[in-house]
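Excluded from the calculations below are hydrogen atoms, water molecules and symmetry mates; all remaining heavy atoms, backbone and side chain alike, are included. Throughout, numbering of the chain's residues begins at 1 and tracks the sequence.
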Amino acid sequence: MDFLSLFLISLLVIGVNGASKTNQPRSFFVFGDSLVDNGNNNFLVTYARADMPPYGIDTPSHRPNGRFSNGRNIPDIISEHLGSEPVLPYLSPEMTEAKLLKGANFASAGVGILNDTGYQFANVLRVAVQIQYFREYQQRISKIVGEKQARELVNKGLVLVSLGGNDFVNNYYLTSFSARRQQYNLPDYVSLLISEYRKIMMNLYESGVRRVILMGTGPLGCAPAEMALHSSNGECAGELQAASELFEPQLVQLVQEVNAKLGDHVFIAANTKLMHNNIITNPQAFGFENSNTACCGQGPFNGLGLCTPWSMLCDNRDKFVFWDAFHPTERASRYIVEQMMNGADEYMRPMNISTIMHLDSNM
């Protein structure tokens with residue numbers, strides 16, 4: 001199917017959203033880092049945790065639940081669009097048989113594409129472990145519904161992956177003399193990440209998934225943590241922005257190459273850097289008032305250290321793009337998901353999630 005056809009289908013889906021089948025529940029699987037972790041790290045001995053107030057302050061319980069957000073995060077909001085409740089973290093003791101059939105979240109804050117990324121956080125679920133758990137998950141549901149139905153549940157599921165940001169922030173740029181900076185210049189390091197990402201994609205494909213959204217790194221240099229360290233005038237940190245600029249187009253190219261090899265639109269590149277840039281560079285146009293300071297934190301731009309009960313906390317989270325030093329507020333996440341659902345080719349290539357749902361509903 002060519003890009004013109006996909007674009008026309010996107011317009012059709014947006015125009016008849018209320019009458020389409022895009023909101024029918026389907027299984028949902030999540031892999032990656034803290035942008036999409038909804039609590040796995042609560043069950044690990046790790047420093048990468050969001051289990052203390054004021055995390056979760058805007059949830060119904062007003063209590064932390066492992067999400068790096070004031071409320072719901074990106075996977076939660078996608079689940080809303082799918083017409084389903086948020087999937088549980090795979091390590092949760094609440095993961096009953098009925099919950100398993102809805103999907104699972106395998107993400108773990110601190111991880112990256114490379115195995116040595118995030119080593120300072122101690123025990124986290126590296127990507128290889130997340131995929132290992134996914135295969136264990138399939139064995140578990142096979143015992144519930146049989147191998148054929150289990151395979152179909154995975155084949156028809158939607159998958160979200162968030163990787164890459166930590167490979168820069170918590171590896172390459174962690175210190176001026178990091179091991180990876182001594183080994184590689186930036187272009188060669190990006191090439192390494194892309195090469196390793198290809199292996200992860202093929203491992204997921206071989207595990208049975210057929211619709212996978214790959215989130216980009218986002219505007220790394222504009223995170224309050226990086227601005228606190230590298231900016232004196234409110235400008236985004238140049239080196240990290242350059243890293244994003246190199247990584248994003250190569251991720252799109254990787255998706256195109258792998259899809260061509262597979263003969264199907266299995267992987268979709270989500271340009272989350274561009275989505276974030278919209279609300280960072282012109283926050284007022286989207287109802288935000290602050291796009292460079294974290295709602296919760298301390299120091300310049302509230303970007304130093306963790307968000308804790310003793311941090312400065314903004315009164316109105318809906319007016320802030322960033323919740324803490326790295327992660328978006330729930331409202332910013334809702335804007336990002338809206339672009340993932342209905343955005344044009346510049347945001348979602350080769351198609352958005354609404355188009356995926358429409359195509360798959362007719363299969």
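Side-chain contact between Thr272 and Thr217 is absent, with no heavy atoms from C-beta onward closer than 4.5 Å. Between Leu160 and Met215, some side-chain heavy-atom pair lies under the 4.5 Å cut-off. Contact check for Met351 versus Ile356: side-chain heavy atoms found under the 4.5 Å cut-off. In this structure, the side chains of Met275 and Tyr347 come closer than 4.5 Å at one or more pairs of heavy atoms. At a threshold of 4.5 Å between non-hydrogen side-chain atoms, the residues Cys296 and Met312 do not count as touching. Inter-residue side-chain proximity for Asp51 and Asn65 is flagged as unmet; no heavy-atom pair is nearer than 4.5 Å. Put simply, the side chain of Tyr335 reaches to within 4.5 Å of the side chain of Phe286, judged on heavy atoms. A 4.5 Å side-chain heavy-atom check between Ile200 and Leu163 finds at least one atom pair inside the cut-off.
Of the N and O atoms on the side chains of Asp188 and Ser191, not one donor lies less than 3.5 Å from an acceptor on the other residue. Counting only N and O atoms by type, the side chains of Asn40 and Ser108 include no donor and acceptor under 3.5 Å apart. When only modelled atom types and interatomic distance are considered, Thr117 and Asn166 share no side-chain donor-acceptor pair under 3.5 Å. In the model, Arg181 has no side-chain atom that pairs as donor or acceptor with a side-chain atom of Ser176 under 3.5 Å. Gln298 and Ser311 share a donor-acceptor pair across their side chains, judged by distance under 3.5 Å alone. Checking His327 against Ser69 by side-chain atom types alone, no donor-acceptor pair falls below 3.5 Å. A donor atom on one side chain and an acceptor atom on the other are found under 3.5 Å apart for Asn38 and Asn105.
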- request: Any chance you could lay out the side chain to side chain contact (heavy atoms under 4.5 Å, CB included) test for Leu82 and Leu158, step after step, and finish with the verdict?
  value: CA-CA 9 Å; Leu82 298 179; Leu158 184 69; 4.1 Å; yes

message: Run Arg211 and Arg26 through side chain to side chain contact (heavy atoms under 4.5 Å, CB included) and show every step you take.
response: CA-CA 12 Å; Arg211 295 292 193 193; Arg26 68 193 290 178; 4.2 Å; yes

query: Passes side chain to side chain donor-acceptor pair (under 3.5 Å), Arg72 versus Ser333? Steps please.
result: CA-CA 8 Å; Arg72 291 197 162 193; Ser333 292; over 6 Å; no

task: List the steps and the verdict of side chain to side chain contact (heavy atoms under 4.5 Å, CB included) for Leu214 and Tyr197.
output: CA-CA 10 Å; Leu214 304 177; Tyr197 210 161; 3.7 Å; yes

Working for side chain to side chain contact (heavy atoms under 4.5 Å, CB included), residues Leu125 and Asp37: CA-CA 11 Å; Leu125 303 181; Asp37 182 1; over 6 Å; no

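The ring pair (Phe, Tyr, Trp, His ring centres under 6.0 Å) analysis of residues 114-154, with sequence neighbours excluded, yields the pairs Phe29-Phe134, Phe29-Tyr137, Phe31-Phe134, Tyr90-Tyr133, Phe106-Phe134. Each disulfide bond (SG atoms under 2.5 Å apart) pair with one or both residues in residues 167-242, not counting sequence neighbours, appears once here: Cys222-Cys236. Pairs engaging residues 54-152 under the disulfide bond (SG atoms under 2.5 Å apart) rule: none recorded [sequence neighbours left out]. Pairs engaging residues 325-359 under the disulfide bond (SG atoms under 2.5 Å apart) rule: none recorded [sequence neighbours left out]. Under the ring pair (Phe, Tyr, Trp, His ring centres under 6.0 Å) criterion, the residue pairs touching residues 39-63 are Tyr55-Phe68, Tyr55-Trp323, with sequence neighbours excluded. Listed by first and then second residue, the salt bridge (Lys or Arg N to Asp or Glu O under 4.0 Å) pairs that reach into residues 244-268 are Arg198-Glu257, Glu245-Lys273, sequence neighbours excluded.
Counting Ile, Leu, Val, Met, Phe, Trp and Tyr side chains that sit under 4.5 Å apart, directly or through other members, Met227 shares a hydrophobic cluster with Phe301.
Remark: Glu338 does not engage Arg331 in a salt bridge, criterion side-chain N to carboxylate O under 4.0 Å. We find that Glu80 and Arg334 are joined by a salt bridge, their nearest charged nitrogen and carboxylate oxygen being less than 4.0 Å apart. A salt bridge links Asp76 with Arg67: the distance from a Lys NZ or Arg NE/NH1/NH2 to an Asp or Glu carboxylate oxygen falls below 4.0 Å. Between Glu152 and Lys148 there is no salt bridge, since none of the side-chain N atoms of the basic residue sits less than 4.0 Å from a carboxylate O of the acidic one.
Every residue two or more places apart in sequence or in another chain that forms a side chain to side chain donor-acceptor pair (under 3.5 Å) with Asp58 is listed here: Asn70, Arg317. Residues meeting the salt bridge (Lys or Arg N to Asp or Glu O under 4.0 Å) test with Glu85, sequence neighbours left out: Lys99. Remark: Arg210 engages no residue in a salt bridge (Lys or Arg N to Asp or Glu O under 4.0 Å) (not counting sequence neighbours). Under the salt bridge (Lys or Arg N to Asp or Glu O under 4.0 Å) criterion, Arg126 pairs with no residue at all, not counting sequence neighbours. The side-chain contact (heavy atoms from CB on, under 4.5 Å) test applied to Gln120 returns Asn170, Leu174, not counting sequence neighbours.
Nearest heavy-atom pair across Val87 and Gly103 is CG1-C, 3.9 Å. For the pair Asn41 and Ala109, the tightest heavy-atom approach, listed with the atom from each and the gap, is ND2-O, 3.0 Å. Taking every heavy atom of both residues into account, Ala150 and Val145 meet most closely at N-CG2, 3.7 Å. Scanning both residues, Glu330 and Gly71, for their nearest heavy atoms gives OE1-CA, 3.3 Å. Contact between Glu94 and Leu88 at its shortest, heavy atoms only, is O-CD1, 3.5 Å. Between Asp33 and Ser162 the shortest heavy-atom distance is OD1-OG, 2.8 Å.
Summarising the geometry, atom CG belonging to Leu274 is positioned 6.5 Å from atom CG belonging to Asn277; distances are rounded to the nearest 0.5 Å. If you take CG on Asn316 and CD on Glu289, they are separated by 7.0 Å, rounding to the nearest 0.5 Å. Interatomic distance, Ile268 CD1 to Ile213 CD1, rounded to the nearest 0.5 Å: 4.0 Å. For the atom pair OG of Ser291 and NE2 of His276, the computed distance is 11.0 Å after rounding to the nearest 0.5 Å. Note: Leu193 CG to Ile113 CD1 = 5.0 Å, rounded to the nearest 0.5 Å.
Note that Arg180 lies outside the cation-pi zone of Tyr172, set by a 6.0 Å cut-off to the ring centre and a 45° limit from the axis.
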